Amino acid sequence: MIRIGVLASGSGSNLQALLDAVREGRIDGEVAAVVCNVPGARALERARVAGVQAELLPSKGITDREAYDHQVVSRLRAHGVDLVCLAGWMRIVTPTFLDAFGPTAAGKDCPRVMNVHPSLLPSFPGLHAQRQALHYGVRFTGCTVHFVDPGTDTGPVIVQAAVPVLQGDDEAALSARILVEEHRIYPLAVQWYAEGRLEVHGRRVRLRDAAGPMLDGVTNPSGDR
Ligand code: GRF
């Protein structure tokens, strides 16, 4: 049973997906703490409803990022967190943070901070990934769960899901389609971590006993009416 800490800044739908997966037994672990940096964010309410300790640490106006991350780390440590899941956490984490949740033997020497990003990295890192995809005109985008390193959305990739961009899409429609897949793959990645099946070799993440990819629907558009 791993103890998961979730960091969220907004709606918290990925937090909800993790809470649901824990409740339904799809993750061998529990969400031990939620940290939120935005007062009134829906993520706080989701934590409360699930009976999970939520810590509000407002970050607005704070310029010392290391000092802020020290506070976050101490809250997570107080709850005995093994794995940190960034779920719409709108801040870049500092080296202080990553050092505090570096690999341990108990965690099979894996990094211990994960993130979900709404594109097929390394395409469209940073803010407004869905808008970037629409502007570029790609036929597929998607989402990525990755380990976090000091860069912006640059860490080793754990799992990705592709999502087609449809002709009439606006940012909201595309984001909603991608979120469905985020909610599916984030709990998977966390469960693989909990099972000790992830190994990191440089940039590559190996999943032990992996099944193959799902190969349906990979051509978009198909050309058929
Ligand atoms: C998601 O699209 C996630 O990929 C990105 O921020 C969004 C957060 O959504 N990092 P939510 O707060 O989990 O609903």
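Remember, it's a predicted structure, so these values are computed and weren't measured experimentally.
Arg112 is not listed as a side-chain neighbour of Leu98, based on a closest heavy-atom distance of 4.5 Å or more. Annotation: side chain of Pro221 is in contact with side chain of Arg139 (closest heavy-atom distance under 4.5 Å). Between Arg65 and Ile92, some side-chain heavy-atom pair lies under the 4.5 Å cut-off. A 4.5 Å side-chain heavy-atom check between Leu44 and Val34 finds every atom pair outside the cut-off. The shortest side-chain heavy-atom distance between Val200 and Arg204 does not fall under the 4.5 Å cut-off. Leu86 places none of its side-chain heavy atoms less than 4.5 Å from the side chain of Met114. Considering only heavy atoms from C-beta on, Arg77 comes within 4.5 Å of Val73 through its side chain. Looking only at side-chain heavy atoms (C-beta outward), Phe101 and Leu76 come within less than 4.5 Å of each other.
For the atom pair CG (Leu57) and OG (Ser74), the distance works out to 8.0 Å, reported to the nearest 0.5 Å. Atoms CZ and CG, from Arg203 and Asp149 in turn, are 7.0 Å apart once rounded to the nearest 0.5 Å. Interatomic distance, Gln132 CD to Glu171 CD, rounded to the nearest 0.5 Å: 10.0 Å. One distance of note links CG of Asn14 with CZ of Arg46; it measures 9.5 Å at 0.5 Å rounding. Rounding to the nearest 0.5 angstrom, the gap separating the CZ atom in Phe124 from the NE2 atom in His135 is 11.0 Å. With rounding to the nearest 0.5 angstrom, the CZ atom of Phe97 is 6.5 Å from the CG atom of Asp69.
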Could you check His183 against Ser13 for side chain to side chain contact (heavy atoms under 4.5 Å, CB included), going step by step and ending with a plain yes or no?
CA-CA 8 Å; His183 299 162; Ser13 69; 2.8 Å; yes
Can you list the steps and then say if Leu18 with Cys85 is a side chain to side chain contact (heavy atoms under 4.5 Å, CB included)?
CA-CA 9 Å; Leu18 295 173; Cys85 292; 4.0 Å; yes
One pair to check against side chain to side chain contact (heavy atoms under 4.5 Å, CB included): Ser123 and Thr141. What are the steps and the verdict?
CA-CA 8 Å; Ser123 292; Thr141 181; over 6 Å; no
Is there a side chain to side chain contact (heavy atoms under 4.5 Å, CB included) between Ile4 and Val81 once you walk through the steps?
CA-CA 5 Å; Ile4 303 158; Val81 162; over 6 Å; no
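Closest approach of Ala17 and Pro187 over heavy atoms only: O-CG, 3.9 Å. Here the closest heavy-atom approach between residue Arg177 and residue Leu166 is recorded as NH2-CD1, 3.3 Å. The two atoms that bring Ala41 and Gly10 nearest to each other are CB-O, 3.6 Å, heavy atoms only. Scanning all heavy atoms of the two residues, the minimum distance from Ser119 to Thr144 falls at O-OG1, 2.7 Å. His117 approaches Gly126 most closely through the heavy-atom pair CE1-O, 3.2 Å. Shown here for Ala87 and Tyr186, the closest heavy-atom pair between the two residues is CB-CE1, 4.4 Å.
Every residue two or more places apart in sequence or in another chain that forms a salt bridge (Lys or Arg N to Asp or Glu O under 4.0 Å) with Arg48 is listed here: Glu45.
Hydrophobic clustering, with ILVMFWY side chains joined whenever heavy atoms are under 4.5 angstrom apart, keeps Leu120 apart from Leu174. Note on Val84 and Val190: separate hydrophobic clusters, where clusters join Ile, Leu, Val, Met, Phe, Trp and Tyr whose side-chain heavy atoms are under 4.5 Å apart, directly or indirectly. In terms of hydrophobic clustering, with Ile, Leu, Val, Met, Phe, Trp and Tyr side chains grouped at heavy-atom distances under 4.5 Å, Val72 and Val148 are assigned to a common cluster. Connection of Val22 to Val6 is established within a shared hydrophobic cluster, with ILVMFWY side chains joined at heavy-atom distances below 4.5 Å, either directly or through further cluster members. Hydrophobic clustering (ILVMFWY, side-chain heavy atoms < 4.5 Å, transitive): Ile185 and Leu207 are in one cluster.
Sorted by first then second residue, the side chain to side chain donor-acceptor pair (under 3.5 Å) pairs that include residues 33-43, not counting sequence neighbours, are Ser9-Asn37, Asn37-Ser59.
None of Val31, Leu83, Asp82 except one satisfies the side-chain contact (heavy atoms from CB on, under 4.5 Å) rule with Arg3; the exception is Asp82.
In this structure, a donor-acceptor pair under 3.5 Å is absent between the side chains of His146 and Gln160. Side-chain N/O atoms of His128 and Gln130 include no donor and acceptor closer than 3.5 Å.
Under the 30°/60° scheme for interplanar angles, the aromatic rings of Tyr193 and Phe147 are found to stand perpendicular.
Grouped by direct or indirect side-chain proximity (heavy atoms under 4.5 Å, Ile/Leu/Val/Met/Phe/Trp/Tyr only), Met90 sits with Leu127.
Under a 4.0 Å N-O distance rule, the pair Asp20/Arg26 does not qualify as a salt bridge.
Heavy atoms from other residues, nucleotides or ligands lying under 6.0 Å from CD of Gln53 number 12 at most.
Side-chain atoms of Glu181 do not come within 3.5 Å of backbone N or O of Val163 as any donor-acceptor pair.
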